[in-house]
Protein chains: 2
Amino acid sequence: MAQRQPMMTEDCETTCFGTEQDLACVKEEMIDDQAAASMADWFKAFSDPTRIRIVSALLQRELCVHDLTVLLDMGQSAVSHQLRSLRNMRIVKRRKQGKTVFYSLDDAHIEQIFLQTLQHIGHE
Amino acid sequence: MAQRQPMMTEDCETTCFGTEQDLACVKEEMIDDQAAASMADWFKAFSDPTRIRIVSALLQRELCVHDLTVLLDMGQSAVSHQLRSLRNMRIVKRRKQGKTVFYSLDDAHIEQIFLQTLQHIGHE
DNA sequence: CTAACATATGAGCAATCATTCATATGTTCA
DNA sequence: TGAACATATGAATGATTGCTCATATGTTAG
């Protein structure tokens with residue numbers, strides 16, 4: 001625990017390869033905290049099976065909430081909650097028509113990201 | 001709550017656009033549950049700022065655990081725990097050299113995914 | 001062998017999350 | 001207006017997560 005302080009000075013040049021300068025250089029190129037948080041949030045939006053399935057359905061066409069509950073075989077409230085977070089992340093948008101609310105994708109890149117990831121997962 | 005049963009039969013053709021057949025067709029094309037879970041897990045691996053920062057550092061070069069703790073300004077245990085989950089997801093691999101363990105990326109696609117996402121987040 | 005070091009890991013804890021339940025809002029139809 | 005419907009939302013709850021603390025494992029030097 002108290003080994004952190006002495007490490008910074010000299011040891012690092014001997015134990016790990018690279019000098020302090022090299023480390024500083026890596027730090028310079030690293031993503032900043034805010035960007036890291038944004039990026040994590042973006043991935044987090046897709047980090048749940050229910051949301052993945054919703055996006056997968058909406059990739060095919062616009063759908064109302066009820067149809068999504070049927071497709072996902074889930075309660076209306078659960079679907080609605082997830083749609084809200086997808087909406088907050090600007091992944092999904094809504095269109096109201098009478099009593100019904102239709103949801104569709106709000107981001108042109110999603111299909112590409114989706115297919116790319118599917119392919120990546122595919123060969124495992 | 002009890003409105004789900006009657007919905008399935010006729011209402012859907014009137015309230016939401018599309019017939020039951022159309023819905024069945026969407027369901028057919030939807031991602032299956034297992035693939036949805038895999039995909040969610042993959043995204044989950046990148047859904048935390050600490051892991052994003054680790055990957056960001058490793059994108060530049062191989063690094064030992066200690067150097068990562070310095071770069072991230074975090075406790076050794078926290079970094080080690082996150083490295084383990086990245087390792088379990090095959091995002092990161094390790095190479096042992098004496099006392100030191102060096103980590104590096106284990107997936108060629110990560111840089112592409114990373115840059116693509118950064119670009120996506122960028123214009124907001 | 002022992003001491004110092006580098007990393008890994010299990011338990012505990014606070015925070016976040018996904019779902020359910022109950023209810024609210026808003027729309028259409030009679 | 002009132003009833004039925006479609007969706008949204010707040011509270012409660014169980015599960016998961018990310019971190020800390022303490023300690024274990026493994027390595028090297030003396």
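Every heavy atom of this structure was used, including side-chain atoms; hydrogens, water molecules and symmetry mates were not. Throughout, protein chains are lettered first and strands after them, A, B, ... in sequence-line order, and every chain is numbered starting at 1.
Under the 4.0 Å criterion applied to side-chain N and carboxylate O atoms, B/D106 and B/R87 are not assigned as salt-bridge partners.
Within the 3.5 Å criterion, the main-chain N or O of A/I52 finds no donor-acceptor partner in the side chain of A/S56. Between the side chain of B/R53 and the backbone N or O of B/L72 there is at least one donor-acceptor pair closer than 3.5 Å. In this structure, B/Q60 contributes its side chain and A/V26 its backbone to a donor-acceptor pair below 3.5 Å.
Nearest nucleotide to the side chain of B/T100, out of C/dT27, C/dC21, C/dT7: C/dT7. Listed candidates were D/dA8, C/dT7, C/dG26. Nearest to the side chain of B/H66 is C/dT7. Proximity note for A/S80 (side chain, C-beta onward) versus D/dA8, C/dT20, C/dT27: the nearest is D/dA8.
For B/H81 against C/dT7, a side-chain-to-base donor-acceptor contact under 3.5 Å is absent. Between the base of D/dA8 and the side chain of A/Q76 there is a donor-acceptor pair shorter than 3.5 Å. Within 3.5 Å, a donor on the side chain of A/S77 pairs with an acceptor on the base of D/dT9, or the reverse. Donor-acceptor pairing under 3.5 Å, judged by distance alone, is absent between the side chain of A/Q82 and the base of C/dA18.
Here D/dA3 presents its C1' atom at 11 Å from NZ of A/K99, a figure rounded to the nearest Å. Residue B/Q97 contributes atom CD, which lies 15 Å from atom C1' of D/dG26 at whole-angstrom precision. As rounded to whole Å, 13 Å separates atom P of C/dT7 from atom CD1 of B/I54. Between the C1' atom of D/dA6 and the CG atom of A/L83 lies a distance of 13 Å, rounded to the nearest Å. The NZ-C1' distance, from B/K44 to D/dG18, rounds to 13 Å in whole Å. Remark: C1' of C/dA18 and CE of A/M89 are 17 Å apart, rounded to the nearest angstrom. Nucleotide C/dA18 holds its P atom 14 Å from the CZ atom of A/F46, rounded to whole Å. The distance between atom CZ of B/R84 and atom P of C/dT9, rounded to the nearest whole Å, is 5 Å.
OP1 or OP2 of C/dA8 sits under 4.0 Å from a side-chain N or O of B/R94. Contact check, A/K96 against D/dT7: no side-chain N or O comes under 4.0 Å of OP1 or OP2. Taking 4.0 angstrom as the limit, A/Y103 places a side-chain polar atom (N or O) nearer than this to OP1 or OP2 of D/dA8. One finds a side-chain N or O of B/R51 lying less than 4.0 angstrom from the OP1 or OP2 phosphate oxygen of D/dG18. Side-chain nitrogen and oxygen atoms of B/T50 include at least one within less than 4.0 Å of the OP1 or OP2 phosphate oxygen of D/dC19.
In this pair, A/H109 and B/H120 present their aromatic rings perpendicular. The plane angle is above 60°, beyond the 30 to 60° band.
Nearer the 5' end of DNA chain C, as judged by each residue's closest nucleotide, is the contact made by A/S47, out of A/S47 and A/G98.
Taking CD of A/Q112 as the start and OG1 of A/T117 as the end, the distance is 9.5 Å to the nearest 0.5 Å.
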